[in-house]
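Structure, as structure tokens:
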Amino acid sequence: MTRKTLSKSSKKQRALEILSLLHHLYPDATCSLDYQTPVQLLVATILSAQCTDERVNKVTPHLFGRFPDAESLANANILELEELVRSTGFYRNKAKNIKAACGMIVNDFNSIVPNKMAELLKLPGVARKTANVVLAHAYGINAGVTVDTHVKRLSQRLGLTKNTEPVKIEQDLMKLLPQPEWENWSIRLIYHGRAVCKARSPGCDMCKIADLCKQNLSI
DNA sequence: CTCCCGATAT
DNA sequence: ATATCAGGAG
């Protein structure tokens with residue numbers, strides 16, 4: 001396919017072609033957080049705010065070894081909780097939010113992590129990124145597109161959104177992609193963002209989807 | 001917009 | 001030594 005043809009094809013078509021290539025590049029891409037239960041996924045995702053999944057996975061074995069479920073996390077000593085999550089950064093906020101969120105899960109949601117966006121957003125430390133991750137991976141629900149820093153950066157670089165606010169980027173992507181592919185999109189953009197299209201350097205010479213990227217399309 | 005904070009790349 | 005990474009709340 002020529003560049004001219006690509007530039008004339010719709011954004012939707014280009015998004016699907018990008019997704020298809022990424023699917024072959026990262027066939028086994030999954031959520032890279034380690035967890036056993038929905039509560040653990042929620043907690044790990046809260047911890048992943050402004051922190052790599054790799055680092056989160058270094059603290060969660062100790063954290064969940066000590067406090068495995070919503071009840072124990074809700075009743076945890078805050079100082080001990082802070083110490084366990086310290087290395088993920090913003091540890092006072094995260095410890096407080098995890099304890100409070102687990103308290104709400106126990107008291108308001110029968111110890112079950114809610115499977116509704118509106119409910120999840122009531123939990124402290126949980127906004128759309130975290131809620132989308134939990135819904136997609138704990139419950140298989142594609143409520144939206146997970147827009148973390150990688151999805152944001154790559155979607156912008158690819159020329160699939162002009163917006164800068166994550167919520168608007170999410171709306172753009174939801175219109176561009178079929179719902180069943182929403183989480184596939186996020187997961188694979190995150191993989192590609194970590195491996196190739198990095199924040200500091202896009203790595204275009206190594207990039208297998210460069211031909212489909214904005215900068216290589218003649219407008 | 002500012003604050004929250006440790007880890008790592010440069 | 002310092003810039004940059006990586007979400008949410010107020």
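Chain naming here is simple, since letters A, B, ... match the order of the sequence lines and numbering starts at 1 in each. Values below: every heavy atom of this structure, side chains too, minus hydrogens, waters and symmetry copies. All figures in this text were calculated on a predicted structure; none of them were measured in a lab.
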Between [X] and [Y], is any side-chain donor less than 3.5 angstrom from a side-chain acceptor?
{"X": "Arg194(A)", "Y": "Ser32(A)", "value": "yes"}
{"X": "Thr161(A)", "Y": "Asp172(A)", "value": "yes"}
{"X": "Thr88(A)", "Y": "Lys58(A)", "value": "no"}
{"X": "Glu54(A)", "Y": "Asn57(A)", "value": "no"}
{"X": "Gln156(A)", "Y": "Asn163(A)", "value": "no"}
{"X": "Thr60(A)", "Y": "Gln40(A)", "value": "no"}

Which atom of Glu170(A) lies closest to which atom of Gly144(A), heavy atoms considered: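 It is OE2-CA, 3.3 Å.
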
Given atom [atom1] of [X] and atom [atom2] of [N], what is their separation to the nearest angstrom?
{"X": "Leu189(A)", "N": "dA6(C)", "atom1": "CG", "atom2": "P", "result": "13 Å"}
{"X": "Phe90(A)", "N": "dC4(B)", "atom1": "CZ", "atom2": "P", "result": "9 Å"}
{"X": "Leu121(A)", "N": "dG7(C)", "atom1": "CG", "atom2": "C1'", "result": "13 Å"}
{"X": "Arg128(A)", "N": "dG8(C)", "atom1": "CZ", "atom2": "P", "result": "11 Å"}
{"X": "Gln50(A)", "N": "dA9(C)", "atom1": "CD", "atom2": "P", "result": "12 Å"}
{"X": "Ile98(A)", "N": "dC5(B)", "atom1": "CD1", "atom2": "C1'", "result": "14 Å"}
{"X": "Asn132(A)", "N": "dG8(C)", "atom1": "CG", "atom2": "C1'", "result": "14 Å"}
{"X": "Tyr91(A)", "N": "dG6(B)", "atom1": "OH", "atom2": "P", "result": "5 Å"}

Need one value for [X]: base, sugar-phosphate or nothing, where a base atom within 4.0 Å counts as base even if backbone is also close, heavy atoms only.
{"X": "Pro166(A)", "result": "nothing"}
{"X": "Ser48(A)", "result": "sugar-phosphate"}
{"X": "Leu123(A)", "result": "sugar-phosphate"}

Roughly how many Å apart are dC5(B) and dT4(C), using the P atom of each and rounding to a whole number? 22 Å

Between dA6(C) and dT10(B), how far is it from one P atom to the other, in whole Å? 12 Å

Closer to the 5' end of DNA chain B via nearest nucleotide, is it Lys94(A) or Lys58(A)?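 Its nucleotide being nearer the 5' end, the pick is Lys94(A).
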
Assign each of Ser201(A) and Ser87(A) to its nearest nucleotide of DNA chain B by heavy atoms, then name whichever residue's nucleotide is nearer the 5' end.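 Checking each residue's closest nucleotide, the 5'-ward one belongs to Ser87(A).
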
With respect to the phosphate group of [N], does any side-chain polar atom (N or O) of [X] fall under 4.0 Å of OP1 or OP2?
{"X": "Arg86(A)", "N": "dC5(B)", "result": "no"}
{"X": "Arg200(A)", "N": "dT10(B)", "result": "no"}
{"X": "Thr130(A)", "N": "dG7(C)", "result": "no"}

By nearest-heavy-atom nucleotide on DNA chain C, the more 5' of Ala131(A) and Lys198(A) is Lys198(A)

When rounded to the nearest 0.5 Å, the distance separating CG of Leu81(A) from NZ of Lys94(A) is 12.0 Å

Would you sketch DNA chain B in dot-bracket for me? Only Watson-Crick or G-U wobble pairs with both distances under 3.5 Å count, crossing pairs as [ ], other-strand pairs as |, the rest as dots. ||||.|||||

Could Arg86(A) and Tyr91(A) be counted as a cation-pi pair, given that NZ or CZ must be under 6.0 Å from the ring centre and within 45° of the axis? yes

Kindly state which residues belonging to residues 133-152 of chain A come within less than 4.0 angstrom of DNA chain C, counting heavy atoms of the residue only, listed by number.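 Nucleic-acid contacts, sorted: Asp148(A), Thr149(A), His150(A).
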
Report the nucleotide, chosen from dC5(C), dA7(B), dC4(B), that has the shortest atom-to-atom distance to any side-chain atom of Asn93(A).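 The listed nucleotide nearest to Asn93(A)'s side chain is dC4(B).
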
In plain terms, say whether Glu17(A) and Arg14(A) are close enough for a salt bridge, that is, a side-chain N and a carboxylate O under 4.0 Å apart. no

